[in-house]
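Single-structure report; data block below.
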Amino acid sequence: MPAPFNLAISLDASLQAAATAAGLETPFAAEVRGADPRHGDFQANGVLGYAKARKLNPRAVAQQLVGALPAEVTAAYEVAIAGPGFINFTLKPAGLLGWLQAHARAEQLAAGAAQSRTGEAWILDYSSPNTAKQMHVGHLRSAVIGEAVARLLAYSGAKVTRDNHIGDWGTQFGKLIWAYKRHVDQAALARDPIEEFERLYKLGNNAADADVAVMDEARAELVQLQAGKPASLEVWRQINEASLRAFQQVYDQLGIRFDLTLGESFYNDKVARVYEELAKLGLAQESQRALVVFHPEHPRFKEQPFIIRKSDGAANYASTDLATILYRCEVLKATGMLYVVDKRQSDHFEQLFLTARKWFAATNRPEPRMEHVDFGTVLGENNKPLKTRSGENIKLKDLLLEASDRAYALVCTKNPDLPEAEKRVIAEVVGTGSVQYADLAQNRSSDYVFAWDRMISLEGNTAAYLLYAVARLRSIFRKLGAVPGDTAGEAAASGLETATELALARKLMKFPEAILLAAGQMRPHFLCLYLYELAGEFSAFYNADKVAVDDPSVRARRLLLCARTLLILETGLHLLGLRTLERM
RNA sequence: GUCCCCGUAGCUCAGCUGGAUAGAGCAGCGGUUUUCUAAACCGCCGGUCGCGUGUUCGAGUCACGCCGGGGACGCCA
């Protein structure tokens with residue numbers, strides 16, 4: 001009998017059927033959820049509310065429900081009624097082993113997970129830096145969280161399109177092109193294009209401030225660019241290409257690859273339609289020469305305008321964001337879109353979504369799901385936004401480099417005999433992974449304090465702790481000359497016995513819940529927490545139960561546990577965007 | 001001024017749609033290695049969940065008020 005991927009869901013369905021069989025009134029919700037291990041694996045709390053609403057004795061209702069449970073359930077679980085009417089379910093050891101045997105390979109887990117979001121098509125809008133500028137620490141969270149959410153949704157069965165909505169259009173290009181044409185240093189450009197663009201922009205900006213004639217020339221450059229003059233477009237195109245190449249170096253380290261890069265310039269010719277439609281529908285109105293949208297039903301947005309066209313006639317990000325929503329629905333056939341953006345922009349997104357909903361409703365377009373996946377600020381240890389000592393933004397490139405350096409120093413003390421090249425790889429994986437994981441492990445909505453020591457000190461809920469568990473698991477298989485997931489070997493496994501074996505197996509079986517929770521709320525920290533607890537159970541098991549024992553059936557079942565732990569740890573870490581290691 | 005978010009152990013944080021005795025890590029104290037990586041494991045210590053009132057079988061979680069911190073608020077994104 002194949003074990004269902006998500007036992008909680010399957011149990012819920014069984015209870016629902018039992019409720020009908022027991023003659024309970026509808027609606028009845030079983031409310032199955034993971035339980036405190038002291039009480040069991042799962043608990044159903046539904047009878048409490050049900051009994052209350054009908055002034056029944058909850059324990060009697062629970063009794064009635066338990067009496068109607070199908071034989072498969074009572075065979076697989078210890079069932080107990082506790083307290084005011086909780087029903088506790090503890091999977092028997094044979095059931096645990098059965099689940100582990102049914103989910104032996106990555107494809108089997110993936111197939112199970114993919115059931116929850118089939119048919120959904122999401123556009124993920126994340127990272128989205130400005131071209132011609134360095135990515136700095138302020139770009140970290142969007143990239144890291146966005147990628148993890150993308151992977152979680154895809155794993156859950158959704159079609160995911162990663163769209164890098166870069167800032168590649170704006171008034172700064174006039175000054176930049178002016179300076180580029182006159183002062184570009186080709187050698188510097190080849191070495192580090194963004195560094196050079198930043199230098200040129202500052203140069204152009206200063207020159208324009210100092211000299212009105214330069215300002216006029218810069219303005220003329222901008223007009224020519226916007227008018228589509230080929231020579232200007234060519235420079236602009238070069239700037240963007242070089243910028244994207246530089247971004248990709250960071251993305252490669254973070255495991256990010258976009259499907260689309262449709263920046264603001266792409267929507268240049270698509271904003272006019274937005275103005276026309278919204279004006280015609282009466283949603284937008286002229287105010288102080290700008291085109292704005294008010295929301296009379298909203299306490300604040302009845303007065304605080306959503307400016308969709310500036311008084312000088314130019315577009316702003318409200319214009320392009322509206323055009324983007326339309327394009328994503330009409331052309332890309334998205335059923336939903338997510339914006340992984342700083343929470344300080346929540347007003348903008350609230351106004352944007354309100355406006356888009358009214359617009360779509362008024363034009364009979366199907367309404368997409370739109371969600372602002374917000375996140376807090378990265379703070380320094382002084383609890384203020386993280387900066388360098390001189391008050392500059394920290395470049396993402398430098399941050400990741402420092403992470404690797406710190407990890408390298410650590411590998412050299414912990415495992416000095418490894419080959420130099422391998423130490424470098426370990427440093428890169430551990431360093432980058434530590435930065436990613438520190439960002440993901442905390443609830444994204446809150447600010448978080450960036451602290452190197454806590455991040456790479458490798459204690460507690462950190463990337464290194466998890467990667468270390470993976471490395472130890474790999475080491476076991478290396479030492480024993482065994483292959484993880486070897487079915488023939490696993491067939492010899494005897495039943496789970498020790499407390500640590502059982503605790504580990506129980507935690508493994510909870511993987512589906514962790515995925516569901518993390519993907520459902522687009523909060524990767526739920527997966528982090530699960531993986532951390534799993535690694536903890538593994539470490540306790542590793543310490544208490546030796547795998548390399550003589551008894552072949554004991555060894556086989558422990559190897560099976562190791563193989564599943566390895567599989568789920570790696571699957572989880574990869575979903576978060578981290579790489580894993582053989583040794584560290 | 002209006003609105004939003006936050007306040008949980010000395011520190012950094014979990015706590016899923018209200019569920020059982022509020023949990024981790026760090027720091028502190030004490031243990032564990034002739035055994036698969038000790039970057040580990042085990043134990044102890046530590047909380048009036050900012051304060052108050054209310055809602056109910058049940059509140060860290062919901063409502064209202066207050067105190068404290070952060071953020072947003074017309075042409076940057």
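So you know, we letter chains A, B, ... as the sequences are listed, proteins then strands, and number each from 1.
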Please confirm whether the shortest side-chain N or O distance from A:R523 to OP1 or OP2 of B:rG15 is below 4.0 Å. no

Using whole Å, what does the distance between atom P of nucleotide B:rG15 and atom CD of A:E513 come to? 15 Å

It should be established whether A:R33 places a side-chain nitrogen or oxygen under 4.0 Å from OP1 or OP2 of nucleotide B:rG19. yes

Atom-to-atom span, OH of A:Y530 to P of B:rA24 - whole angstrom: 18 Å

May I ask you to verify if any side-chain N or O of A:K479 is less than 4.0 angstrom from the OP1 or OP2 atom of B:rU35? no

With a 4.0 Å limit, can you tell me whether A:H525 has a side-chain N or O closer than that to the phosphate oxygens OP1/OP2 of B:rG15? yes

Taking the same atom, C1', in B:rG47 and in B:rA14, what whole-Å distance lies between them? 15 Å

Consecutive Watson-Crick or G-U pairs in runs of at least 3, all under 3.5 Å, in which RNA chain B is involved: B:1-7 with B:67-73, B:10-13 with B:23-26, B:28-32 with B:40-44, B:50-54 with B:62-66

For a quick test of reading the model: is some side-chain N or O of A:Q304 closer than 4.0 Å to OP1 or OP2 of B:rC73? no

Hey, which sits more toward the 5' end of RNA chain B by its nearest nucleotide, A:D347 or A:A548? A:A548

For A:R344 and B:rC73, is the shortest distance between a side-chain N/O and OP1 or OP2 below 4.0 Å? no

Separation of A:Q345 atom CD from B:rA72 atom P, in whole Å? 10 Å

Ignoring backbone atoms, test whether A:S446 places a side-chain nitrogen or oxygen under 4.0 Å from the OP1 or OP2 oxygen of B:rG70. no

Compute the ring centroids of A:Y267 and A:H165, then answer whether they are less than 6.0 Å apart. yes

Without decimals, in angstroms, what is the distance between A:E350 CD and B:rU2 P? 18 Å

Using atom CG of A:L473 as one end and atom P of B:rA40 as the other, report the distance to the nearest whole Å. 15 Å

A:Y542 ring over B:rA40 six-membered base ring, under 5.5 Å and 30°: no

Ignoring backbone atoms, test whether A:Y465 places a side-chain nitrogen or oxygen under 4.0 Å from the OP1 or OP2 oxygen of B:rC41. yes

Can you check the A:Y448 OH to B:rU12 C1' distance for me, whole Å? 13 Å

